[in-house]
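In what follows, a single structure is set out as structure tokens and then discussed.
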2 protein chains.
Amino acid sequence: MTNSEILSNHLKNQGVKPSIQRIKIYEFIRNHAIHPTADDIYNHLVKEIPTLSVATVYNTMHLFEQKGIVRTISIDNHQTRFDWNMTPHGHFQCKVCGTIYDLEANLNQMNISELDGFQVDESHYYFKGLCKSCINK
Amino acid sequence: MTNSEILSNHLKNQGVKPSIQRIKIYEFIRNHAIHPTADDIYNHLVKEIPTLSVATVYNTMHLFEQKGIVRTISIDNHQTRFDWNMTPHGHFQCKVCGTIYDLEANLNQMNISELDGFQVDESHYYFKGLCKSCINK
DNA sequence: ATTCAATTTTAGAATAATTCTAATTTTGTA
DNA sequence: TACAAAATTAGAATTATTCTAAAATTGAAT
Ligand SMILES: [Mn+2]
Ligand SMILES: [Mn+2]
Ligand SMILES: [Zn+2]
Ligand SMILES: [Zn+2]
């Protein structure tokens, strides 16, 4: 079974019809753990699929989000980033190099009493600052 | 000393020259603890100051942010919201009524070992879901 | 008071991420 | 092959924010 076939089956299992575009987009976000923007995805894939449109990238990411395949994060307030890692985790963005690091800690462990009686569907946390490698320069 | 004079002095103490626009904007965010958008601020104040421009609202909020008078939060990731409460705290946004609740817990208490050697300047966290009063309907 | 440079405000144009629209292409089934 | 449903597409529309250059305001120095 080729890599593409494996990814294609993943999508089917999540209830997504695997078109060429959807497989390539899924492949990209799985292989580039960089929390890409729609633009990152488009610019990378348009070389392989010259007819690709940004609308398809957005359509696909919205579909993936709805099916629980990706989630969106908003650290930069003006540009949505996508994350294939669905386990509850957080982020750190370096102000110098821009890298977004994953943080394993699960926010739900905080057990905030003010939320008693509330229904919590999503939780997000992130830090900003300077990463270790940028400090050592 | 009038209320306006008190706010005016607050601004002076933070190194901000208190123009009429700046005082009114500061007054608005202090009296309406609703994490307003630039648009909220503009639409409320343009009734009092008919010549007010959105550019002034943005200019002022950027200045306030730089001086440590407000901070920005991005829960809706398409529209920046402003928060006058500078103590480290988090938020909960209800998907039904849209209300943004403050949460007192301080994220920095989590003490995330992955950040050892990193310089953390900002920390943010928020939840989304249904608030108690929307559930009881 | 008058002058004048620095600061602030302003209107509207520009920018940029995202969504919308309507046409075209692809897919799967009969 | 026929055809309806689903997916993709180009480009226009929308919208939050930033930019620009002109006008207004401020405040010190005369
Ligand atoms: Mn992540
Ligand atoms: Mn708050
Ligand atoms: Zn860095
Ligand atoms: Zn609610």
Side-chain angles (χ1 to χ4, degrees), chain A residues 4-5 7-9 11-12 14-28 35-67 69-83 98, chain B residues 4 7-8 11-12 14-28 35-67 69-83 98:
Chain A
S4 259
E5 281 169 336
L7 292 172
S8 178
N9 284 336
L11 292 180
K12 268 185 215 157
Q14 310 271 4
V16 171
K17 220 196 250 182
S19 67
I20 291 135
Q21 290 85 348
R22 287 170 179 174
I23 293 168
K24 289 286 178 194
I25 290 172
Y26 190 42
E27 198 173 19
F28 179 77
H35 309 97
T37 64
D39 211 54
D40 293 334
I41 298 169
Y42 174 77
N43 283 310
H44 187 269
L45 292 181
V46 75
K47 293 168 198 156
E48 280 185 76
I49 312 169
T51 59
L52 185 67
S53 119
V54 285
T56 300
V57 176
Y58 281 106
N59 289 343
T60 302
M61 297 320 287
H62 291 156
L63 178 68
F64 283 6
E65 190 178 13
Q66 200 190 310
K67 298 289 188 181
I69 296 169
V70 302
R71 59 181 173 141
T72 60
I73 58 182
S74 50
I75 296 183
D76 291 337
N77 184 23
H78 52 295
Q79 222 179 354
T80 300
R81 292 174 173 277
F82 300 98
D83 197 343
Chain B
S4 259
L7 293 171
S8 179
L11 292 180
K12 269 186 215 160
Q14 310 271 4
V16 171
K17 220 196 247 181
S19 68
I20 291 135
Q21 290 85 346
R22 287 169 179 175
I23 294 168
K24 288 286 179 194
I25 289 172
Y26 190 43
E27 198 173 18
F28 179 76
H35 309 97
T37 64
D39 211 53
D40 292 334
I41 298 169
Y42 174 78
N43 282 310
H44 187 269
L45 291 181
V46 75
K47 294 169 198 157
E48 280 185 77
I49 312 170
T51 60
L52 185 68
S53 119
V54 285
T56 300
V57 175
Y58 281 105
N59 289 343
T60 302
M61 297 320 285
H62 292 155
L63 178 67
F64 283 5
E65 189 178 15
Q66 199 190 312
K67 297 291 187 180
I69 296 169
V70 302
R71 60 182 173 140
T72 60
I73 58 182
S74 49
I75 297 184
D76 291 337
N77 92 18
H78 52 295
Q79 223 179 354
T80 300
R81 292 175 173 277
F82 300 98
D83 196 341

Taking the side chain as everything from C-beta on, heavy atoms only, tell me whether Tyr26(B) gets closer than 4.5 Å to Val16(B). no

Value for NZ (Lys24(B)) from CG (Leu52(B)), rounded to nearest 0.5 Å, stands at 11.5 Å

Under a 4.0 Å heavy-atom cut-off, which of residues 38-54 of chain A touch DNA chain D? Thr51(A), Leu52(A), Ser53(A)

Within the structure shown, what part of the strands sits under 4.0 Å from Ser19(A) by heavy-atom distance: base, sugar-phosphate, or nothing? sugar-phosphate

Strictly below 4.0 Å: does Tyr58(B) bring a side-chain N or O up to OP1 or OP2 of dT17(D)? yes

Short side-chain to backbone donor-acceptor contact, Arg22(A) and Lys17(A), under 3.5 Å: yes

Mind listing the side-chain donor-acceptor pairs of residues 38-46 of chain B below 3.5 Å, one per line with the distance, residues two or more places apart or on another chain?
from, atom 1, to, atom 2, distance (Å)
Asp39(B), OD2, Asn43(B), ND2, 3.1
Asp40(B), OD1, Thr37(B), OG1, 3.4
Asp40(B), OD2, Thr37(B), N, 2.9
Asp40(B), OD2, Thr37(B), OG1, 3.2
Asn43(B), ND2, Asp39(B), O, 3.0

Assign each of Ile20(A) and Lys17(B) to its nearest nucleotide of DNA chain C by heavy atoms, then name whichever residue's nucleotide is nearer the 5' end. Lys17(B)

Look at His62(B) and dT17(D) and indicate whether a side-chain polar atom (N or O) is within less than 4.0 Å of OP1 or OP2. no

Of the options Ile69(A), Val70(A), Thr80(A), Thr72(A), which is the one that meets Met61(A) in a side chain to side chain contact (heavy atoms under 4.5 Å, CB included)? Val70(A)

Rounded to the nearest 0.5 Å, what separates atom CG in Leu63(B) from atom CG in Asn59(B)? 8.5 Å

So, is Gln21(B) near the phosphate of dT25(D), with a side-chain N or O under 4.0 Å from OP1 or OP2? no

Between which nucleotides of DNA chain C, 5' to 3', does chain B make heavy-atom contacts below 4.0 Å? dT7(C) to dA11(C)

Determine the contact category for Thr37(A): base if any of its heavy atoms lies under 4.0 Å from a base atom, sugar-phosphate if only primed atoms, P, OP1 or OP2 are that close, otherwise nothing. nothing

